[in-house]
Protein chains: 2
Amino acid sequence: MLELRSLPTDCAARRSDSVCATCGARAFSVCSSLGVDDLAGLDAIAERVSLKSGEALIRQGESAVHLFNITSGSVRVYKLLPDGRRQITGFLFAGDFVGLATGQDYAFSAEAIEDATLCRFRKADYRALIRERPALETALLERATHELAAAQNQMLLLGRKTAQERIASFLLDLPERDPIRPTEAGHIRVPMTRAEMADYLGLTIETVSRGLTKLKTAGVIRLLSLNEMLVDRPERLRAIAEGEA
Amino acid sequence: MLELRSLPTDCAARRSDSVCATCGARAFSVCSSLGVDDLAGLDAIAERVSLKSGEALIRQGESAVHLFNITSGSVRVYKLLPDGRRQITGFLFAGDFVGLATGQDYAFSAEAIEDATLCRFRKADYRALIRERPALETALLERATHELAAAQNQMLLLGRKTAQERIASFLLDLPERDPIRPTEAGHIRVPMTRAEMADYLGLTIETVSRGLTKLKTAGVIRLLSLNEMLVDRPERLRAIAEGEA
DNA sequence: CGGCCATTTGATTGTCATCAAACTTTGTGG
DNA sequence: CCACAAAGTTTGATGACAATCAAATGGCCG
């Protein structure tokens, strides 16, 4: 199911968010995403993985042997209850890591929500590498604490915000997480479906749809297509997200 | 407001969860909590802090100069919405760190929910120390990833579980987070109020109270006092928590 | 063009919040 | 040690927001 190729060695040289000529990946590479200059060691232990929309890279309960860094595309991370209820705990984009958590088995699943490319590492290899490169570990710790802060925000959203507030918050957060910046300001790329938004926001599809319609009717946003929105009144959106309306 | 004393140097030697003769702290010390042997350097930059129940150690929005490790007692970490709605993002106990997140200002508040003692570090000092001791950073990264996994569980709880499932989940998780183990199995120490439980579970006080009463009526738990419970049917509690009932 | 799936819109229901009051525990001072 | 006040908790009645059930519309791909 996973299409594998070896990682071109000069990928370590990529620092910008432009296209990499060798491996064709858009956006950030592992190296640039960590802000570390010389990570030649990473190439040696990395495999390149291509996923089509919907394909899984991590399955809850399986042995946690790999660790991934997203090169392009988007990924959903989620947990399931026995009866099938799903909570998406995060959307990940180019530059993000998946599977860092220690532990015998994966405690979550991860799937591409659009075609994606990734770098794959064996955890054992990666741990060995880290021992020689403290800068790598520092960068990872910084990332982990950022993710923890984001997780706390999401808990506030899920525990205490109304449906309308959750939707507004989501529209504000999404563009600053996604490294693919659209040309126009206020333009939001929405690579996920309504069902995925709902499972991320702790709502149903219908409530998400109604909430977006309400924002549209209020003149706060425009729905350019199912996957593209335009924020006409960002200050209004911000006020709604914080419950000040 | 904060009572400060210098940290006795031999605190670094503590490895068990017993009482420290020198500084009087119960449970884990910084050192034992990280599983690192020789952390003499930490003592040099640590201050000892005592808090009475309700006192704050971190205030949302203030400059993030300090970092804490809890020596004894319990702490609530929370975020507020402008209109006062509160989400408690976690309860912390002896051995836990608070304030690791990078960033100019604290993005949350933290207060003691019962009398507590802590070790306080200046972030700048602590960063300098880390540079010389990679083992410390490794331990912190491990902790951070554990906390991330816990945060994902909490998102599942807040986004997709019913009131009854949330309460059952909470009663199952609490004892394994709290290092103070009661003598009897199935005995749960509940150092927080119903209001705090509610703000952690995304519910109201009334719903929490009703849920506990329901568990009691069903013969799943007994309420020994407001702050002590006994689980009579753990398998039942687990089934409820996972939505299998 | 037709079929399928995702999304939107509408009607109704249910769970939990809100409002309200009684009860219990805790701490304080006489 | 008891009496009282204050805070926290439980229990009850009602209401609101979002879920569920249901149907129509719209977009996409063969």
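In what follows, chains carry the letters A, B, and so on, assigned in the order in which the sequence lines appear, proteins first and then strands, with residues in each chain numbered from 1.
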- Does Thr204(A) have a side-chain nitrogen or oxygen under 4.0 Å from the phosphate oxygens OP1 or OP2 of dT20(D)? no
When rounded to whole Å, the CD1 to P distance for the pair Ile167(A) and dA18(D) reads 9 Å
- Message: What contact category does Leu203(B) fall into here, base, sugar-phosphate, or nothing, at under 4.0 angstrom with non-hydrogen atoms?
- Response: sugar-phosphate
Rounded to whole Å, the NZ-C1' distance (Lys216(A) to dG26(D)) equals 12 Å
When rounded to whole Å, the CD to P distance for the pair Glu206(A) and dT20(D) reads 8 Å
### Query
Would you find more than 12 non-hydrogen atoms of other residues, nucleotides or ligands less than 6.0 Å from Arg222(B) atom CZ?
no
Rounded to whole Å, CD of Glu165(A) lies from C1' of dA18(D) at a distance of 14 Å
Check every strand shown and say whether Gly211(B) touches a base, only sugar-phosphate, or nothing at a heavy-atom separation below 4.0 Å. nothing
Exercise. Check whether more than 12 heavy atoms from other residues, nucleotides or ligands sit under 6.0 Å from atom CZ of Arg85(B), and answer yes or no.
Key: yes
In whole angstroms, the gap separating C1' of dC21(D) from CZ of Arg210(A) amounts to 11 Å
First and last nt of DNA chain C near chain A, cut-off under 4.0 Å to heavy atoms, 5' to 3', are dT7(C) to dA11(C)
Which of Lys161(A), Gln154(A), Gln164(A), Arg238(A) passes side-chain hydrogen bond (donor to acceptor under 3.5 Å, both in side chains) with Ser169(A)? Answer is Lys161(A)
Inset, instruction - Please work out if Leu226(A) contacts a base, only the sugar-phosphate, or nothing of the nucleic acid, heavy-atom cut-off 4.0 Å. - result: sugar-phosphate
- Message: So Tyr200(A) and Met192(A), do their side chains get closer than 4.5 Å, heavy atoms only?
- Response: no
query: How would you label the contact of Ser225(A) with the nucleic acid (heavy atoms, under 4.0 Å): base, sugar-phosphate, or nothing?
result: nothing
Which part of the nucleic acid does Thr162(B) contact within heavy-atom distance under 4.0 Å: base, sugar-phosphate only, or nothing?
-> sugar-phosphate
In whole angstroms, the gap separating P of dA18(D) from CD of Gln164(A) amounts to 8 Å
Using a distance-only test with no angle check, is there a side-chain donor-acceptor pair under 3.5 angstrom linking Glu196(A) and Tyr78(A)?
-> no
Only residue of Thr204(B), Ile205(B), Leu212(B) satisfying side-chain contact (heavy atoms from CB on, under 4.5 Å) with Val208(B) is Leu212(B)
Between CD1 of Ile205(B) and C1' of dT10(D) the distance, given in whole Å, is 11 Å
Can you find a heavy atom in the side chain of Ile221(B) that is under 4.5 Å from one in the side chain of Leu223(B)? yes
note: Arg194(B), atom CZ; dT10(D), atom C1'; distance rounded to Å ~ 10 Å
